[in-house]
Chemist: 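First the structure, then my questions, so here it is.
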Amino acid sequence: MTHYRNLTTEEIEFLTSRGCSAEDWAGVTVHPDIDLARIRHARFSGTVKIGCLNREFEMPGGLKKQSGINMATLHNVEIGDNCLIENVKNYIANYRIGAGSFIENVDIILVDKPSSFGNGVEVSVLNETGGREVTIHDHLSAHEAYMEAMYRHRPNIVGRLKEMAREYAASVTSATGTIGENVTIVDAGYIKNVNIGPCCQIEGAGRLKNGTIRSTEQSPVHIGYGVILDDFIIQSGCKIEDGSIMSRCFLGQNCTMGHTYSATDSLFFSNCQGENGEACSIFAGPFTVTHHKSTLLIAGIFSFMNAGSGSNQSNHMYKLGPIHQGALERGAKTTSDSYILWPARIGAFSLVMGRHVGNVDTSDMPFSYLIERQGDTYLAPAVNLKSVGTIRDAQKWPRRDARPEEGRLDHINYNLLSPFTIQKVLRGIKVLRNLRDVSGRTSDAYTYHSAKIKNSALRRGLELYDMAAVKFLGNSVIQRLLGHPMASDADLRARLTPDCPSGYGEWVDLAGLIAPKHEIDSLITDVLTGATASVDALNERFGRLHRAYYDMEWTWAYRAMLEYFDLRPDTITADDIRRIVRRWLDCVVSLDNMVYADAKKEFSLSAKTGFGADGTQFDMERDFEMVRGAFESNSFVAAVQRHIEVKTDLARRMLEALDAIPSA
């Protein structure tokens, strides 16, 4: 441990000769091996501690600068080894600055009073007038925030979550701020009451006030020119660039904001991206993406969502103010110029096209299209199951998750088909059958929650939902059985019996985390009783639930399988499973062929319009192929073909294993 020392009389005289001064030189202590020649035109007051100054910084372009202090006023500042601090227009006050940090051409960096650095700020999501506030802190997960915002019908848990967040905020409250090791702050303006983690780069920021930047060596944060942040939390790996303005916002791990994006009272969790547009009071779960200047997201909850250009929602009917809210469940997307009048709820993995003013609710109709025709909303159930875009999205999300494995706050389930979506598929089947039976099989159209469903769309929806259910349940059965020796139907039944007692009943999506509702209820009980008493303990519980997903999934799938295929647990035979596997393979291949056909549209003659400028038909074909490639060699198309081959082989191996079981 280095023992810092006071300056000698000769050293004080030397520093004075170099334009330095101090309110009281007794308050200045230095590293024993400090080179005082690297300090010039510095003013010190309060308690100042200075490390050694031996590092040489190499700048872009090859210029080299020596660590030191030049043209700076420092008040109650502790400086780690080998820092460079120069050209501070105003002053730096009440900060610990980590080793290797580079601070140049800044206006002011200060802590003016005891601060929690953005921890404990309340963000009014979903309802601009209040009522769903989330208390942000730098350990906040999407799942905790979801419970605090959405479980207002359970005020005890909301109150306890707020109390835990306030307790955490109190634990980090200090009158001294921290700038971590190897931080770069250049050409910045006003920085007040901000904690800055290691390896953060702040270049040209306009104003940073009351916040925490949880940059890490493994996942540094970059804040660029013209950025203004007030009352904020920024998690590791984030990039905020190009004049973005955000007030009372939380940005989760690996988020990107740029091109003058603006947001107020909004939460953005892991891997969100915002550019050009505007957000107001939104809950943006993982992978919420908006890129376009004319896009407004307001008073809604989203996740795995891509907003088309000009997408808009209304939360204000000019009566009681902006009190309305809406939800796009995971994977829902909007096309260009789409509009939704809140309140509304859009089912998972659905596509919204056109303007919808009927307060629709399609939460029990996942994988659907909502289409506007002459002012009416038409619902095409399940058709997104055969869309190449849906499959491509499901494949790209895990690839784009750049967070390190360790330290992830949001526990994200990427499965397209899960108990959460399949329970809705099963409900959708019941709804469509009921509509058909009540209104008659020959009706031209049916009405469902302010939306119209054409007869042909209803029939097609039933077919596709059946395929999705069989695909999920069959895949679960095969994964459960394959590779486990079974000499009899009794062995088969024993293997099918779930090992995990959890997983039955309703499942919920807590902004990325998919889990049984009864497990969330159990977690809530533990929070209320004090068995889970801190935000870190809560995060650990979410992590355990996420890791146990597949065990719990089979518990749910087993019960769903028995009901869907009309089986009894004590009489299941190998013949029953053979029928399921054959149906599963038919559904998998059929859905893959539909996706294949949908992908082929991207290579049709109409898709080639605009190619081959000034050329013949042959030139157009050649130009298209040089830019887009040939259909047969497209990586996604090849992956679909391989998927069919892999699943066919999987079915073959499963059937061979079942054939080895003697008939009863």
Side-chain angles (χ1 to χ4, degrees), residues 364 366 413 415-434 462 465-509 514-522 544-588 591 647 650-664:
D364 285 338
N413 187 312
N415 291 356
L416 191 69
L417 302 181
S418 68
F420 174 74
T421 50
I422 296 301
Q423 72 189 1
K424 292 174 177 291
V425 163
L426 298 178
R427 287 202 290 266
I429 291 173
K430 292 180 180 178
V431 168
L432 293 177
R433 287 175 176 170
N434 185 60
L462 283 172
Y465 278 153
D466 175 68
M467 289 182 181
V470 172
K471 179 178 179 179
F472 171 79
L473 295 172
N475 192 66
S476 296
V477 169
I478 292 171
Q479 294 299 322
R480 180 70 178 177
L481 295 179
L482 198 61
H484 294 273
M486 295 170 291
S488 65
D489 286 338
D491 290 344
L492 174 71
R493 289 191 284 269
R495 177 58 193 163
L496 287 172
T497 303
D499 306 309
C500 178
S502 297
Y504 56 85
E506 186 83 2
W507 281 55
V508 293
D509 176 12
I514 295 176
K517 189 175 184 300
H518 70 84
E519 285 293 328
I520 302 303
D521 290 338
S522 176
R544 286 180 2 221
L545 275 176
H546 181 64
R547 291 188 292 272
Y549 168 78
Y550 284 104
D551 291 333
M552 297 186 295
E553 180 196 67
W554 173 246
T555 300
W556 187 90
Y558 176 70
R559 297 189 182 193
M561 175 198 71
L562 296 177
E563 181 178 351
Y564 199 76
F565 297 110
D566 194 22
L567 300 173
R568 289 177 51 190
D570 56 342
T571 61
I572 295 176
T573 66
D575 285 340
D576 295 323
I577 302 303
R578 284 191 194 93
R579 284 191 290 271
I580 292 174
V581 171
R582 292 191 180 103
R583 281 193 64 188
W584 169 81
L585 182 60
D586 287 344
C587 291
V588 168
L591 285 169
K647 295 303 182 181
L650 190 64
R652 176 190 59 78
R653 290 189 287 125
M654 186 71 254
L655 291 171
E656 288 176 354
L658 293 169
D659 288 341
I661 299 176
S663 299

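Positions are given from 1, in the same order as the sequence printed here.
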Chemist: Just how far is it from atom CG of Leu567 to atom CG of Asp576, taken to the nearest 0.5 Å?
Modeler: 5.0 Å
Chemist: Any sub-3.5 Å donor-acceptor pair from Trp507's side-chain atoms to Ala515's backbone N or O?
Modeler: no
Chemist: Looking at OH of Tyr558 and CG of Leu473, how far apart are the two atoms once the value is rounded to the nearest 0.5 Å?
Modeler: 13.0 Å
Chemist: State, to 0.1 Å, how close Ile577 and Ile572 come at their nearest heavy-atom pair, and which atoms those are.
Modeler: CD1-CG2, 4.0 Å
Chemist: Considering all heavy atoms of both residues, which atom of Pro498 and which atom of Thr555 are nearest to each other, and what is their separation?
Modeler: CB-OG1, 3.7 Å
Chemist: So which atom in Ala574 and which in Leu492 form the shortest heavy-atom distance, rounded to 0.1 Å?
Modeler: N-CD2, 3.5 Å
Chemist: So which atom in Trp556 and which in Gly503 form the shortest heavy-atom distance, rounded to 0.1 Å?
Modeler: CB-O, 3.2 Å
Chemist: Once you round to the nearest 0.5 Å, how far does CG of Leu545 lie from CD1 of Ile514?
Modeler: 12.5 Å
Chemist: Does OH in Tyr504 sit with more than 12 non-hydrogen atoms of other residues, nucleotides or ligands closer than 6.0 Å?
Modeler: no
Chemist: Is there a donor-acceptor contact under 3.5 Å from the side chain of Trp554 to the main chain of Leu496?
Modeler: yes
Chemist: Please determine whether the number of non-hydrogen atoms from other residues, nucleotides or ligands lying under 6.0 Å from atom CD of Glu656 exceeds 12.
Modeler: yes
Chemist: So, applying salt bridge (Lys or Arg N to Asp or Glu O under 4.0 Å) with Asp659, which one of Arg578, Arg652, Arg653 is it?
Modeler: Arg578
Chemist: So how far is it from Asp521 CG to Glu506 CD, rounded to the nearest 0.5 Å?
Modeler: 11.0 Å
Chemist: For Asn415 and Asn413, which heavy atoms make the closest approach, and how far apart are they?
Modeler: N-OD1, 2.9 Å
Chemist: Supply the atom-to-atom distance Thr571 OG1 to Arg493 CZ, rounded to the nearest 0.5 angstrom.
Modeler: 7.0 Å
Chemist: Specify the closest pair of heavy atoms between Gly505 and Gln423, including all atoms of both residues, with the distance to one decimal.
Modeler: O-OE1, 4.4 Å
Chemist: Enumerate donor-acceptor pairs with a distance under 3.5 Å from any side-chain N or O in residues 474-485 to protein atoms, sequence neighbours excluded.
Modeler:
unit_1: Ser476; atom_1: OG; unit_2: Phe472; atom_2: O; d: 3.0
unit_1: Arg480; atom_1: NE; unit_2: Arg495; atom_2: O; d: 2.8
unit_1: Arg480; atom_1: NH1; unit_2: Asp499; atom_2: OD2; d: 3.2
unit_1: Arg480; atom_1: NH2; unit_2: Arg495; atom_2: O; d: 3.2
unit_1: Arg480; atom_1: NH2; unit_2: Thr497; atom_2: O; d: 2.9
unit_1: Arg480; atom_1: NH2; unit_2: Asp499; atom_2: OD1; d: 3.4
unit_1: Arg480; atom_1: NH2; unit_2: Asp499; atom_2: OD2; d: 2.9
unit_1: His484; atom_1: NE2; unit_2: Arg495; atom_2: NH2; d: 2.9

Chemist: Would you compute the distance between atom OH of Tyr564 and atom CD1 of Ile580 and round it to the nearest 0.5 angstrom?
Modeler: 11.5 Å
Chemist: Are side-chain heavy atoms of Arg583 and Arg579 found at a separation under 4.5 Å?
Modeler: no
